[in-house]
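A short worksheet on the structure shown next.
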Amino acid sequence: MPRLIVLRGVDEGKQFDVSGPAVVVGRHSSNPVSLHDTQVSRRHMELRSLPDGGYQLFDLGSGNGTLLNGQPVRAAPLRTGDRIVVGQTQLLYTTGRADAPVRDELTERVRLMGRDPGSDVLSAIVRTIDADAGSQILSRPAAANSDWVKARLAGLAALYETAEAVSHILDVDELLARVMDLALRTADADHGCFMLKDEAGNLAAKAARYKDGLSRQEELAVSRTIVDYVLRENQGVLVTDAQTDARFRGGASIHRHHIREVICVPLKGRRETLGVMFLDTQSTLKQVVSGGTGTGTFTEDHLHLASAVAHQAAIAVEESRYHQALVSAERLAAVGQTIAALSHHIKNIMQGVRFGSDMVRTALGDGDKELLTKGWRLVEKNQGRIDALILDMLSYSKEREPAIEPTDLNKLCEDVLELVRGRAAERGVTLEWRPGANVAAVPCDPDGIHRAVLNLVSNAIDALEDRPNGKVGVQALLEPDGAWAKVIVLDNGPGIPADQIDAVFKPFVSTKGSRGTGLGLPVSRKILREHGGDIVVQSVADKGTKFTCRLPMKAAYGDLSGTTQFVPVRPPD
């Protein structure tokens, strides 16, 4: 589904699904896309669906206008990745699919014919070639058998290497450096660099390269005169004698640095021009003294090749920025959801603290010891909830390596049951414990697994509140093949609805209402997965729920300083 993502502005991080024949964007609260930017008109623009799919943008006579990829527009079709600016807000339009499906009617006339037993087609084959011959020829054009092929493959090889680079290099700086090395080698230039626009439109140098043998201490002079001309005219240029070219006669850098030849082409992507690619050669001292120019290095073929290479690089940079914008928007949205969930939990906790404080204040004024005790217990209870929330947040957000040591799983589970026995008795819940055999030396972090099991047992007890004959069973055992140790926690509570099973391990999802932090199960699963294990849940409505913690039993790989070392392994898919 098409979507608008707010990349910049007061609504930064928000996402709006685009559906229906018309979607109005503006400041009014009734709009499907309602923005809080004061420089946006009440009904600023409208996205209208097209017959063949996708949407078209229409400005609704807004006061400050609408920009599409940096250009003012009244009406224009939208493509995924387009950036729309209204007021101080920048929106990203994305679809996740092609806006207009392409229909090739000729493919309907294609038929794959069956074999004709009477014909010997294979006997007519006069030459064969390996499947990877194409890539080998393109990567090594000099190895071709004829001069005609060599000449025509030279440029194709450069494009092939560029395509190879842009297909797997995601870092923009690394990508541009690789492309510039290729361009410098192909054009036999002395220097080269990319000049990229930042968000403010200022040019910044990227991936500067010098020909082997030239001093890296010398300044690389990029002619602002030529760059401005290329960006203004939106066309690449080949200058064979820059110092005498009338168009660039005012460029002081051209004369000061003896720039002789220049290729400068725009980095034209699908949506905008991102900057330029600049290559040059310099006059030798002999040429400067004699006033001659000698034979030129650059040709028109070099210009066309540079333009093609720059276009591929521009598309790669554009896609990288597009991807980064999506990731940033998703992160901002996640941060907003996290803050909203935390605020809700903290508000509930603070209400309990405030209510308990009011009870304590009243009791102190009236000398009511019973009310004082109740109020103080309420304050202590909510203080414990704050501690639990902070501990869960730290555990969930921090990556840690478990401190693996041989652990008695039976003793660990017995310690957990001893901690919750009082709470279980208060709620009329029966605890059943089944110790296991051969689990006296399970390789795990005892503190982490203790916390995970405690979370599961506590949740099971809470699930049985107000249910008659509530039972919680805990069992430790070793799987028959000896590869995995397990702790099973089950209850005969109301169960978890089938459509909510996948959600129980998501942060801030809690079935306890204001009593839960929504982080207990995510933290427990995180602890198990840090060990190379996992938690599996099974539940049947009105019959109960079963959580199984699986821990890998990995054989010791050696004895270092008298301590047996254990290596966690990943659970099977």
For [X] and [Y], indicate whether the former's side chain and the latter's backbone hold a donor-acceptor pair under 3.5 Å.
| X | Y | answer |
| --- | --- | --- |
| His28 | Ser30 | yes |
| Asp358 | Phe355 | no |
| Asp11 | Lys14 | no |
| Asp82 | Arg79 | yes |
| Thr94 | Leu92 | no |

Notebook entry, point to check: For Leu175 and Ala313, which heavy atoms make the closest approach, and how far apart are they?
Noted result: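 Nearest pair, atom of Leu175 first, then Ala313: CD2-O, 4.5 Å.
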Check: Minimum heavy-atom separation for Ser34 to Phe16, with atom names?
Finding: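 For Ser34 and Phe16, the tightest heavy-atom pair comes out as O-CZ, 3.8 Å.
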Flag the pair [X] / [Y] as yes when at least one side-chain heavy-atom distance between them is below 4.5 Å, and no otherwise.
| X | Y | result |
| --- | --- | --- |
| Val353 | Gln383 | no |
| Val487 | Cys413 | yes |
| Leu551 | Trp484 | no |
| Leu203 | Lys197 | yes |
| Glu405 | Pro443 | no |

Tell me, yes or no, whether the heavy-atom count around [X] atom [atom1], taken from other residues, nucleotides or ligands under 6.0 Å, exceeds 12.
| X | atom1 | answer |
| --- | --- | --- |
| Asn469 | CG | no |
| Arg43 | CZ | no |
| Arg377 | CZ | no |

Item checked: Rounded distance (nearest 0.5 Å) linking atom NE2 of His450 with atom CG of Asp445 ->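 Taking NE2 in His450 and CG in Asp445, the distance rounds to 12.0 Å.
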Ion pair check, [X] and [Y], cut-off under 4.0 Å:
| X | Y | value |
| --- | --- | --- |
| Glu530 | Lys526 | yes |
| Lys471 | Asp491 | no |
| Asp462 | Arg423 | yes |
| Asp447 | Arg451 | no |
| Asp534 | Arg550 | no |
| Glu272 | Arg83 | no |
| Lys206 | Asp173 | yes |

Margin query: Assess the residue pair Gln15 and Arg3 against the criterion (side chain to side chain donor-acceptor pair (under 3.5 Å)); give the C-alpha distance rounded to whole Å, side-chain angles, the decisive distance to 0.1 Å, and a yes or no.
Written below: CA-CA 7 Å; Gln15 302 186 27; Arg3 178 179 298 177; 2.8 Å; yes
